Amino acid sequence: VARRLSLRKHPECHSMAGGKAIEHLAQTGNQELLTFRLPMQHYQNCNFSFSGLQNLVYNAIVQIEKEEGIEEGEILSCVKDVAAAVQHAVAVHIIQRTCRAMLFCVKTSILPSKNATLVVSGGVASNQYIRKGLQNLADANDFALLCPPPRLCTDNGVMIAWNGIERLRAGLGVLHSTDGIRYEPR
């Protein structure tokens, strides 16, 4: 969404990563000026998907560009409102699905009903709006919330690679021969 909104061209966001730029602009945007239907509402599971939301946002951006008479790549006059509405929709989707997962885990005794902890990490955990929503969710369900400091909330790919380095150093789960292993790209 940040790329489609051309936030690298925005004077306040030119040096920010996309998620950080969305969060920054959303702070002064009005999330109620645009409403995006939440993804996967008819699925009663714990899965996340943002592709449907992305399509809705892209279509809204195209419509606003037409209304404002601007070309793709130019900054919308309501870019802060779009950012706020997108951030809110993403947060609500994450919170709803996480709530469903938490309740399922407690009901099926995967997690204890007391002293359970919700751990949030990765890039999304650096977003303070989402983090606050997850804190409210955790509090409402008597869960502790554990999040690394935002400076440590980097891309999960980096975390996975770091974990691999640590496991390699410790000699844990290291394959010394790849004979008999079949790789299938997906």
Side-chain angles (χ1 to χ4, degrees), residues 1-36 38-40 46-54 56-58 61 75-76 78-103 105-106 111-112 115-170:
V1 172
R3 191 176 307 118
R4 181 60 181 85
L5 288 171
S6 302
L7 295 186
R8 290 253 183 228
K9 295 179 183 178
H10 195 284
E12 296 176 32
C13 304
H14 67 278
S15 64
M16 294 180 187
K20 185 67 178 167
I22 294 284
E23 181 180 13
H24 173 75
L25 293 176
Q27 291 174 355
T28 53
N30 183 348
Q31 71 188 33
E32 295 174 8
L33 289 184
L34 287 161
T35 303
F36 295 111
L38 296 177
M40 304 179 67
C46 303
N47 298 338
F48 294 90
S49 176
F50 296 97
S51 59
L53 178 59
Q54 179 179 325
L56 291 172
V57 173
Y58 282 21
I61 292 169
I75 304 295
L76 303 175
C78 61
V79 69
K80 292 180 178 187
D81 303 327
V82 173
V86 169
Q87 177 179 256
H88 180 71
V90 167
V92 171
H93 182 54
I94 289 171
I95 292 163
Q96 284 182 349
R97 294 299 167 151
T98 302
C99 180
R100 184 174 284 144
M102 290 165 59
L103 296 176
C105 288
V106 169
L111 291 175
N115 300 323
T117 301
L118 172 63
V119 178
V120 181
S121 64
V124 74
S126 67
N127 182 294
Q128 295 303 304
Y129 185 82
I130 294 172
R131 192 184 282 225
K132 182 178 178 188
L134 289 170
Q135 181 67 65
N136 291 340
L137 173 65
D139 292 346
N141 290 282
D142 294 323
F143 272 61
L145 178 68
L146 183 61
C147 293
R151 64 183 175 78
L152 298 177
C153 294
T154 59
D155 184 274
N156 282 335
V158 173
M159 293 179 173
I160 292 166
W162 181 15
N163 179 282
I165 290 169
E166 294 299 326
R167 292 179 63 83
L168 181 64
R169 286 180 180 159

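Given the structure is predicted, the values throughout are model-derived calculations rather than measurements.
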Any idea which heavy atoms bring [X] and [Y] closest together, and the distance?
X	Y	result
A138	M102	CA-CE, 4.3 Å
R97	P39	NH2-O, 4.0 Å
P112	V106	O-CG2, 4.1 Å
Q87	A26	NE2-CB, 3.4 Å
C153	P148	SG-O, 3.5 Å

Could you walk me through whether V120 and R131 pass the side chain to side chain contact (heavy atoms under 4.5 Å, CB included) check? CA-CA 8 Å; V120 181; R131 192 184 282 225; over 6 Å; no

Taking Q54 for its side chain and V1 for its backbone only, find out whether a donor-acceptor pair lies under 3.5 Å.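 Not at all, since once roles are kept as given, no pair shorter than 3.5 Å links the two residues.
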
Is there a donor-acceptor pair under 3.5 Å between the side chain of N127 and the backbone N or O of Y129?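 Side chain of N127 to backbone of Y129: a pair is present.
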
Would you call K80 and E12 a salt bridge, using N to O less than 4.0 angstrom?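 Yes, charged N to carboxylate O under 4.0 Å.
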
[atom1]-[atom2] distance between [X] and [Y], expressed to the nearest 0.5 angstrom:
X	Y	atom1	atom2	result
Q27	E23	CD	CD	6.0 Å
K132	L145	NZ	CG	13.5 Å
H24	M16	NE2	CE	4.5 Å
H88	L34	NE2	CG	12.0 Å
I95	L38	CD1	CG	10.5 Å
T98	F143	OG1	CZ	10.5 Å

Among all residues two or more places apart in sequence or in another chain, which pass the ring-ring contact (aromatic ring centres under 6.0 Å, His included) test with H93?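 H93 satisfies ring-ring contact (aromatic ring centres under 6.0 Å, His included) with F48, F50 only.
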
Is any side-chain heavy atom of [X] closer than 4.5 Å to a side-chain heavy atom of [Y]?
X	Y	value
Q135	C147	no
I130	V90	yes
L5	V86	no
R151	S126	no
I75	K9	yes
Q96	M40	no

N47 atom CG: more than 12 heavy-atom contacts under 6.0 Å: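 Yes, because the 6.0 Å sphere around CG of N47 holds more than 12 heavy atoms from other groups.
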
Using the test side-chain contact (heavy atoms from CB on, under 4.5 Å), find all partners of N30 that sit at least two apart in sequence or belong to another chain.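 For N30 the side-chain contact (heavy atoms from CB on, under 4.5 Å) partners, ignoring immediate neighbours, are E32, L33, D81.
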
